[in-house]
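Single-structure report; data block below.
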Amino acid sequence: MLTKRIIPCLDVTLDSEGGTVVKGVEFVDLKKAGDPVDLAKRYNEQGADELVFLDITASHEGRSTMIDVIERTANEVFIPLTVGGGINSVEDVRQILRAGADKVSINTSAVKNPQLIKEASDIFGSQCIVTAIDCKRNPDVENNQDKTVLELEDGTPVWYEVVIYGGRKPTGLDAVQWAKKVEELGSGEILLTSMDRDGTYDGFDIPITRKLSEELEIPIIASGGVGKPEHMYGGFIDGKADAGLAASIFHFGEFTVRDVKEALRKKDIPVRL
């Protein structure tokens, strides 16, 4: 088994202070969690493998990503930094990489213009391009027979619908089919977030995580729902994910990155300590 990555996520909104990390449940009821640069430094010191910085209201508000906050964050961390939010063009990708990011995450704009993935990966290399897929369970399988139907733990059949603009707009796109398309277009990685699990502390959404991990060649970062180290274990063993992303348990001091890694090491999951 390859070494598994533990990745804290900084969901950032623009405010009077210039940028604040927030965390909610199912993308709403956001609570402030701290300064992005301070949190990034903390996770760097705790041994995080990478950091993800998502400007979660940029697309919805129709603005570009907070370049100055990214520059300050990149200056303080010495691990790979992935940045997403409000990235609509190859030029936006170039600016984010120039600001110090190692990878760029594209979500809403990729759905609206899939060719952006191909253009960006052709220019900057697929290793720099992460496609973020936010999805939500849709139980209406009768009227969606062209979709990929998966079975939940309780046997309920659902398909997973891609949502954009920070979870505000359903697209009718099937998450499994969309994931396969972005791989073909040149995306180097997928950041998969289940809205149904986001902030719930109930663990990753295993059915969709496992399906993408089995069907695709590129790495899958599981996101949404981590409440304890055992959930990371489930994401790696049951979900077959390549990396696990979490926010709440780290931001609010319930566990450190090292706590999670040591718990995984005890269960024979290879991690970098």
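Environment of CZ in Arg94: crowded, with over 12 heavy atoms of neighbouring residues, nucleotides or ligands closer than 6.0 Å. Around atom CG of Leu2, no more than 12 heavy atoms belonging to other residues, nucleotides or ligands sit under 6.0 Å away. Atom CD of Glu142 has 12 or fewer neighbouring heavy atoms from other residues, nucleotides or ligands inside a 6.0 Å radius.
Atoms CD and OH, from Glu76 and Tyr43 in turn, are 15.5 Å apart once rounded to the nearest 0.5 Å. Taking CG from Leu39 and NZ from Lys41, the interatomic distance works out to 11.0 Å, rounded to the nearest 0.5 Å. Here the straight-line distance linking atom CH2 of Trp159 with atom CG of Asn144 works out to 5.0 Å at 0.5 Å rounding. Rounded to the nearest 0.5 angstrom, Thr3 OG1 and Asp242 CG are separated by 11.5 Å. For the atom pair CG (Asp55) and OG (Ser105), the distance works out to 11.5 Å, reported to the nearest 0.5 Å. Atom NZ of Lys180 sits about 14.5 Å away from atom CG of Leu185, to the nearest 0.5 Å.
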Q: Before giving the answer on side chain to side chain contact (heavy atoms under 4.5 Å, CB included), spell out for Leu273 and Arg258 the whole-Å C-alpha distance, their side-chain angles and the decisive distance to 0.1 Å.
A: CA-CA 7 Å; Leu273 276 172; Arg258 189 167 185 89; 3.8 Å; yes
**Q.** side chain to side chain contact (heavy atoms under 4.5 Å, CB included) assessment of Val90 paired with Leu116
**A.** CA-CA 7 Å; Val90 165; Leu116 177 58; 4.2 Å; yes
Q: May I have the step-by-step check of side chain to side chain contact (heavy atoms under 4.5 Å, CB included) for Val104 and Val83, ending in yes or no?
A: CA-CA 5 Å; Val104 170; Val83 174; 5.6 Å; no
(Q) Please determine whether side chain to side chain contact (heavy atoms under 4.5 Å, CB included) holds for the pair Lys228 and Ile249, giving the CA-CA distance in whole Å, both sets of side-chain angles, and the decisive distance to 0.1 Å. (A) CA-CA 7 Å; Lys228 53 189 177 181; Ile249 62 165; over 6 Å; no
Q.
Assess the residue pair Asp122 and Lys118 against the criterion (salt bridge (Lys or Arg N to Asp or Glu O under 4.0 Å)); give the C-alpha distance rounded to whole Å, side-chain angles, the decisive distance to 0.1 Å, and a yes or no.
A. CA-CA 6 Å; Asp122 283 351; Lys118 178 164 176 33; 3.0 Å; yes
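At least one side-chain heavy atom of Cys135 sits less than 4.5 Å from a side-chain heavy atom of Leu192. With contacts defined as side-chain heavy-atom distances shorter than 4.5 Å, the pair Pro207/Glu153 qualifies. With contacts defined as side-chain heavy-atom distances shorter than 4.5 Å, the pair Phe250/Cys9 does not qualify. Looking only at side-chain heavy atoms (C-beta outward), Val163 and Arg168 stay at 4.5 Å or farther from each other. A heavy-atom distance below 4.5 Å is found between the side chains of Tyr201 and Glu254. Annotation: side chain of Asp198 is not in contact with side chain of Asp134 (no heavy-atom distance under 4.5 Å). Looking only at side-chain heavy atoms (C-beta outward), Val226 and Phe255 stay at 4.5 Å or farther from each other. With contacts defined as side-chain heavy-atom distances shorter than 4.5 Å, the pair Phe53/Val69 qualifies.
Remark: side-chain polar atoms of Thr209 are not paired, donor with acceptor, to backbone N or O of Gly239 under 3.5 angstrom. With hydrogens and angles disregarded, a donor-acceptor distance shorter than 3.5 Å links the side chain of Thr108 to the backbone of Tyr165. Although no hydrogens or angles enter the test, the distance criterion places a donor-acceptor pair under 3.5 Å between the side chain of Ser109 and the main chain of Ile87. Judged by distance alone, with hydrogens and angles left aside, the side-chain atoms of Glu161 form a donor-acceptor pair with the main-chain N or O of Gly172 at under 3.5 Å. Side-chain N or O atoms of His251 include none that pairs as donor or acceptor with a backbone N or O of Pro8 at under 3.5 Å. Not a single donor-acceptor pair under 3.5 Å links the side chain of Ser194 to the backbone N or O of Gly224. Of the possible donor and acceptor atoms, none in the side chain of Asn44 sits under 3.5 Å from a partner among the backbone N and O of Ala40. When atom types are taken as modelled, the side chain of Gln46 and the backbone of Thr256 share no donor-acceptor pair closer than 3.5 angstrom. Checked by atom type and distance alone, the side chain of Arg197 pairs as donor or acceptor with a backbone atom of Phe204 at under 3.5 Å. Here the side chain of Ser187 pairs a donor or acceptor atom with the backbone of Thr131 at under 3.5 angstrom.
What you find for Ala175 and Ile208 is that their closest heavy atoms are CB-CD1, 4.4 Å. Minimum interatomic distance between Val93 and Ala120 (heavy atoms only, all atoms of both residues): CG2-CB, 4.4 Å. Looking at every heavy atom in both residues, Pro139 comes nearest to Val158 through CA-CG1, 4.1 Å. When all heavy atoms of Pro36 and Val12 are compared, the closest pair comes out as CB-CG2, 4.2 Å. In plain terms, the two heavy atoms of Ser121 and Gly186 that are nearest each other are CB-O, 3.3 Å. When every heavy atom of Gly225 is checked against every heavy atom of His231, the shortest pair comes out as O-ND1, 3.8 Å.
In summary, of the residues considered (Lys4, Arg5, Lys261), a side-chain hydrogen bond (donor to acceptor under 3.5 Å, both in side chains) with Asp49 occurs for Lys261 alone. For the side-chain hydrogen bond (donor to acceptor under 3.5 Å, both in side chains) test with Tyr160, the passing option among Asn138, Asp174, Asp205, Thr148 is Asp205; the others fail.
Remark: the Ser223 side chain and the Thr193 side chain contain an N/O donor-acceptor pair separated by less than 3.5 Å.
Hydrophobic clustering of Ile, Leu, Val, Met, Phe, Trp and Tyr side chains at less than 4.5 Å, counting indirect connections, keeps Ile67 apart from Val37. Under the 4.5 Å side-chain heavy-atom criterion for ILVMFWY residues, no single connected hydrophobic cluster contains both Leu152 and Val149. Hydrophobic clustering places Phe252 together with Met232 (ILVMFWY residues linked when any side-chain heavy atoms are closer than 4.5 Å, directly or through intermediates). With hydrophobic clusters built from ILVMFWY side chains whose heavy atoms lie under 4.5 angstrom apart, Ile106 shares a cluster with Ile123.
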